[in-house]
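To keep things clear, I will list the structure first and then write my remarks on it.
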Amino acid sequence: MNLKGILQRRTGKTIEITYTNNRINIISFRKQGGTVYLRLQRLFKEAPLDVIYEIAELIKNPGIKTPLINEYFRRNSWRVRKPARVRGKIEPVGRVYDLKRILERLNREYFGGALTDITITWGSRQRRHAVRKRTLGSYNYETRTIRINPILDSPRVPLYFVEYVVYHEMLHAALGIKRQRNGRRAVHTREFKERERQFRHYEEAIQWEKRIN
Ligand SMILES: [Zn+2]
């Protein structure tokens, strides 16, 4: 039986599937009359049965967590990734801090070495590309690139604070974007904040950030 057939049998609904190339919003659906209009990232055409069953559960109960769907997409997303479109140069080695070393250390300590496909770089110092001064870091979900504001590449900034900013962006990479019950997308979820507090120097980092603001 094909994907559509399995979903119809598991949900008891008529399902219309549209496949998309969307790499951020990988699954969404709306119900109209007796029909469920499902938009699926095309990678799910080849999803294994347990993942398809989870899609059916999600259709029946939109609030559930979807670890199998997320994990399947994470493991296969390289197949639908566009060739790297990272803007600007990748320069992880700064005057004071080497972001790649920081990333690798944090990856071992907090992520069990799982975040191996992340690119990290200092942002541009040139004004025309400059990130807003208050934006200390950013994460691009499409290119899986962390960009750190070069104002942090200074001997006056403690290592633990640079690590804290990098760690925050790594959490975005690890946790992705969650779907809320109201359909909105959430990034700084409760889970995110709990994980953030696990950072070894969390309190010091918060205090230091207050001092500079
Ligand atoms: Zn954030």
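Both ligands and their constituent atoms are indexed starting at 1 by order of listing. Values in this document were obtained by computation on a predicted structure and should not be read as measured data.
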OG of S28 to CD of Q41: how many Å apart, nearest 0.5 Å?
-> 11.5 Å
Over all atoms of both residues, closest heavy-atom pair of I120 and I90 = O-CG2, 3.7 Å
Taking only residues two or more places apart in sequence, or in another chain, which ones meet N76 in a side-chain hydrogen bond (donor to acceptor under 3.5 Å, both in side chains)?
-> R79
Residues that K45 engages under side-chain hydrogen bond (donor to acceptor under 3.5 Å, both in side chains), provided they are two or more places apart = none
Using the six-membered ring of Y19, assess whether NZ or CZ of R42 lies under 6.0 Å from its centre and within 45 degrees of the ring axis.
-> no
Taking the Zn ion (ligand 1) as the centre, count the protein N/O/S atoms lying under 2.8 Å from it.
-> 3
Give the table of side-chain donor-acceptor pairs shorter than 3.5 Å for residues 50-60, with sequence neighbours excluded, one pair per line with atom names and distance.
{"from": "E54", "atom 1": "OE1", "to": "L68", "atom 2": "N", "distance (Å)": "3.0"}
{"from": "E54", "atom 1": "OE1", "to": "I69", "atom 2": "N", "distance (Å)": "2.7"}
{"from": "E54", "atom 1": "OE2", "to": "L68", "atom 2": "N", "distance (Å)": "3.3"}
{"from": "E57", "atom 1": "OE2", "to": "K60", "atom 2": "NZ", "distance (Å)": "3.2"}
{"from": "K60", "atom 1": "NZ", "to": "R10", "atom 2": "O", "distance (Å)": "3.4"}

